[in-house]
Amino acid sequence: MKKVILIYASATGKTGAIADAIISGFEQTNVEVITKDPFNTDPAELLNYDGILIGTYTWEGVIPDEFMDFYEELDYHDLTGKKAAIFGSGDSYYTDTYGAALELFEDKFMEVGAKIVLPKFLIELYPDLSEIEEAKKFAVQFTTLL
Ligand SMILES: Cc1cc2nc3c(=O)[nH]c(=O)nc-3n(C[C@H](O)[C@H](O)[C@H](O)COP(=O)(O)O)c2cc1C
């Protein structure tokens, strides 16, 4: 059975709601998903999984504090061949940095050899019902790419 690790940070629950929808999408698949929070995750653990999903909001144009150590420690790991995708919530009020943390993570994962297999899944603020459905499809699509 393929295994996916899903790590997310959510200060006010919006990225968490997207994560929950993605996790429920995996229930329709035969892939095992382990959910973790960034504080308790060493990037070395990523080597044990076929797929990596990162969920993040953006804080003043950058990665939120909860993810900072994890993000910086990624530099010391070779994730060649790992399949990854990034999701999260942003606020387009921040025109220049809307969802910027998702791109920062995409760039970082590519730098350490991982392959970004799906376009980033960015939702404006809280996901509505159709976006919840899209999130479930995102999970299913991710499994087909593992
Ligand atoms: C001080 C502050 C700075 C923020 N900066 C950004 C930003 O640069 N880009 C962005 O897209 N959203 C920004 N946001 C909005 C949050 O990313 C957005 O509310 C997101 O939905 C929060 O997700 P969460 O509920 O998972 O924590 C900012 C919010 C606050 C309070």
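This one's a predicted model, so the numbers in the text were calculated from it and none came from an experiment. Read the numbers this way: they start at 1 and go in the same order the structure lists the ligands and their atoms.
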(message) Quick check: closest heavy atoms across Leu74 and Pro43, and the distance to 0.1 Å?
(response) CD2-CB, 3.9 Å

Test your reading of the structure: does [X] have an N or O sitting under 3.5 Å from an N or O of ligand 1?
X	value
Ala100	no
Ala9	no
Asp91	yes
Trp59	no
Gly99	yes
Tyr94	no
Lys14	yes

(request) Tell me, please: is Gly61 in heavy-atom contact with ligand 1, that is, under 4.0 Å? (result) yes

(message) Does the structure place the NZ or CZ of Lys14 under 6.0 Å from the centre of the six-membered ring of Tyr126, at an angle of no more than 45° from the ring's axis?
(response)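 So Lys14 doesn't make the cation-pi contact.
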
(message) On the six-membered ring of Tyr49, is Lys82 placed so that its NZ or CZ lies under 6.0 angstrom from the centre and within 45° of the ring axis?
(response)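 Verdict for Tyr49: no cation-pi partner in Lys82.
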
(request) May I ask you to check whether Phe105 and Phe67 place their ring centers less than 6.0 Å from one another? (result) yes

